[in-house]
Amino acid sequence: MRFLLPLLLVFSLFASAQNNYPQDYFSNPLEIPLILSGTFAELRSNHFHSGLDIKTQQRTGLNVKAVASGFVSRIKVSHYGYGKALYITHPNGYTSVYAHLQKFAPEIEAYVKKHQYEQEGYEIELFPHADELPVEKDSLVAYSGNSGGSGGPHLHFEIRDKDERPMNPMLFGIDVKDTTVPVVKSLYVFPLDENAFVNNSQSKQKLRLTALNNGDYVAESIQAVGKIGFGISTIDRQDLAANSNGVYNIQTFVNGSRNFELDFQCFSFDETKHINQLIDYEHFSKNKERLQKLFKKNNPLSILKSTLNDGVLSIQDSTNSVYKIRVADYKNNESWVTLQIKGSKNSMSAPQPTKTTPYFIKANETTNLKAVNVSVDFYKDTFYDDFYIDFEVKNDTLKLHEDVVATMKDFTISYDVSQYNSDDIDKLYIARLIGYKQFPSYTYTKRQGNTLTASTKKLGTYALAMDTIKPTITASNFKNGQWLSKYRFLEVKIDDDESGISNYRATVNGKWILMEYDYKTKTLTYDFNDEVITDTQNNLKVIVTDNVGNNSTFEALFYRK
Ligand SMILES: [Zn+2]
């Protein structure tokens, strides 16, 4: 038996690489084969994707089924984000999540509407008890849709553990056909300190990639000295769709020893913000390409496995190294990148001096920047690294660096507006100026006396803007005075320039009606099946308020019998 032990150990290593999660517990939430437009943990704006995006044949209204028995533990309806979302908690401790839904299955829909009518609001969050809405495995729970911040019909599906951490659903045997290897889009090398040089330069450099027939790559050789690291842009495609999705695992090796690993099995929501430190944030901000750093510098992300030197290479003069990157999808289809590094002293340029400004940020201290009418407060640990920040105020325009530095938390911008008359103050808001044309974009603004305050995570240019324009409200599928007896829906378009819509309220003959708001189509929709309208002659009244308090009222008559 003694001899068997090492063999068993080897075997169990491979077994644990498979995983210990239940494999047949969860079924497919749809009645069609799973084809993905988004994979778990793929890189999105300010977050990792927390589930799978399952394609729904460009349609809405497909049956969504409970992937296992359990009970509806949470229902959330919001204009943005997940839109209409359903959470089912299962006896094994996991919760499945279904989002961007069109509507819920009849019993759940009735439960939601009852609470929406009680609270007189479309946006709602409910936590039913275990005995209120039990569900069987494979029973209908909802219909797929495109609600909330969804860019096209699909089902967003998640599995969370008992600590609310999103898990990669593939770990549970949810199967997607994939024999296609990942694609490496680009590779960069970074000199990491003032003594590091690559090809006699201290700047980040793009390395030419040559694709081989088997899907692997060779990158151009480099000459380097000092501490360097790499960054990669890579995607994966599955077999049945052309969508560019995220990869599952990235490992790097120096002369055969592994020195870095990224593994997308699970993460927690409070660490998802660190994505901006995982990617080269400045590169993303300027080029819209997400370069994942293959070294761990000031990043607490749990998906970064601690490995030799955290992925940083220390290159000595007169040495030769081979650097390899392995990119794999969940099905272990892998692509390799190989490159030669020749250690050689810098012979050309002297170290570049750091650009300085009068304002130095120490990442682990609070900082206040102040001009006559503007004040900016950074809490400690807003930034990952110390740096010199640009800070300049001209009249009402605040130039606060550029949006090229990753932040971990909100900071506040305060404007003293006492030089404005009080009527104007009511219409002022803090705007972020975007793009070449410096288009003003509303930043949520709180007012207290003569002070306006905005909280934001983005550096950049801000200014005071004024919104004096009221929202617009128009009938969409009917005309004033029309008979609507055969109509199922009543539709109204609402819109607002500048600060944007804050809230709306619709009544018929003085009674509140539920109008569902889709910001993408700017449409409010009432469903006559709600049966709150019983009179023949009906007076519809819709009030819409924008973010600085301008409001409009729309009224129309319609008839039904
Ligand atoms: Zn999604």
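Note that ligands are numbered from 1 as they come in the structure, with each ligand's atoms numbered from 1 the same way.
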Fill in the blank from the handout: the Zn ion (ligand 1) -> His156, closest N, O or S atom is ND1

Which donor-acceptor pairs under 3.5 Å do side chains of residues 59-71 form with protein atoms, sequence neighbours excluded?
unit_1	atom_1	unit_2	atom_2	d
Arg59	NH2	Gln57	OE1	2.4
Thr60	OG1	Gln102	NE2	3.4
Asn63	ND2	Glu31	OE1	3.3

Practice task
Check whether any N, O or S atom of His49 sits under 2.8 Å from the Zn ion (ligand 1).
Solution key: yes

Problem - Closest approach to the Zn ion (ligand 1) by Asp53, given as the N, O or S atom name - result: OD1

Exercise for the section: Please state whether the separation between the Zn ion (ligand 1) and some N/O/S atom of His154 is under 2.8 Å? Expected result: no

Problem - Phe48 and Phe267 aromatic ring geometry - parallel, tilted or perpendicular at 30°/60° bounds - result: tilted

Handout entry: Residue pair Ile235 / Lys185, side-chain heavy-atom distance below 4.5 Å
Key = yes

Handout entry: Distance under 6.0 Å and angle within 45° of ring axis: Lys204 vs Tyr188
Key = yes

